[in-house]
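The first residue of the sequence shown is numbered 1, and numbering continues consecutively from there. Worth knowing before you read on, the calculation uses all heavy atoms, side chains too, and leaves out hydrogens, waters and symmetry mates.
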Amino acid sequence: MFGLSIEHILVLVVAGLFILGPERLPGALQWLGQSIRKVRAYASGAQEQLKSELGPEFDQLRKPLQDLQSLREFNPKTVVTSYLLDEPAPAAAQPVANGTPVAPPPTPLRPGERPPVDPDAT
């Protein structure tokens, strides 16, 4: 929920107990849950209404946003590595953990195989 861990939620609940008191805290949490559900319902309703009114043009509006999302996932390290090692660029859908792409485990060298070395870089 909102990227909060269990510890953060417990701290918020304890702070709520001190601020609101034990008798008003359940009502405040219920109100917060209902408000979040209403906002989500309004947002999904607005999206559905835009889809129905704009039709295929809605997808054209979403295309630039999807391009921006792919730029957010852009990792210069993988592009430079693939360019230097003459390997094809990895697919855009990489596993992501905490906002940073997770690299696949390296393949071990076979017996007698030497690691790749760039003589210009050494």
Side-chain angles (χ1 to χ4, degrees):
M1 181 174 90
F2 303 116
L4 296 176
S5 66
I6 296 295
E7 294 85 18
H8 290 110
I9 293 172
L10 288 175
V11 168
L12 289 173
V13 169
V14 170
L17 276 172
F18 283 114
I19 294 170
L20 298 174
E23 63 277 348
R24 289 188 291 183
L25 184 63
L29 291 176
Q30 183 180 14
W31 173 84
L32 181 65
Q34 289 173 351
S35 300
I36 290 173
R37 273 187 241 115
K38 284 181 184 178
V39 168
R40 285 183 182 170
Y42 291 144
S44 65
Q47 184 178 9
E48 293 299 321
Q49 185 178 2
L50 278 174
K51 277 185 183 179
S52 66
E53 289 179 4
L54 294 178
E57 290 139 4
F58 182 76
D59 294 331
Q60 292 174 353
L61 289 174
R62 289 192 54 148
K63 177 78 170 113
L65 295 175
Q66 290 171 343
D67 292 342
L68 284 175
Q69 181 65 26
S70 67
L71 285 177
R72 285 184 181 159
E73 295 171 357
F74 178 74
N75 187 356
K77 182 179 179 182
T78 57
V79 173
V80 170
T81 304
S82 66
Y83 178 76
L84 290 176
L85 298 177
D86 294 328
E87 296 174 354
Q94 293 180 355
V96 177
N98 296 331
T100 59
V102 177
T107 56
L109 297 175
R110 292 184 294 256
E113 183 179 11
R114 297 183 66 188
V117 176
D118 184 8
D120 294 331
T122 55

Is there a donor-acceptor pair closer than 3.5 Å between any side-chain N or O of E113 and the backbone N or O of R110? yes
Working to the nearest 0.5 Å, report the span between CD of E57 and CG of L50. 11.5 Å
Over all heavy atoms of both residues, which pair between I19 and R24 is shortest? Give the atoms and the distance, please. O-NH2, 4.3 Å
Would you indicate whether the side-chain heavy atoms of K63 and Q60 approach each other to under 4.5 Å? no
What are the two closest heavy atoms between P22 and P26, and how far apart are they? O-CD, 3.3 Å
Set of residues satisfying side chain to side chain contact (heavy atoms under 4.5 Å, CB included) with respect to Q34, sequence neighbours excluded: Q30, R37
Would a hydrophobic clustering, with Ile, Leu, Val, Met, Phe, Trp and Tyr connected at side-chain separations under 4.5 Å, put L32 with V11? no
Whether the side chain of R40 engages the backbone of I36 through a donor-acceptor N/O pair (distance < 3.5 Å, no angle test) should be reported. no
What I'd like to find out is whether the side chain of S5 reaches to under 4.5 Å of the side chain of H8, using heavy atoms alone. yes
Among the clusters formed by ILVMFWY side chains lying less than 4.5 Å apart, do L10 and L25 turn up in the same one? no
For L68, is the CG atom crowded, meaning more than 12 foreign heavy atoms sit under 6.0 Å from it? yes
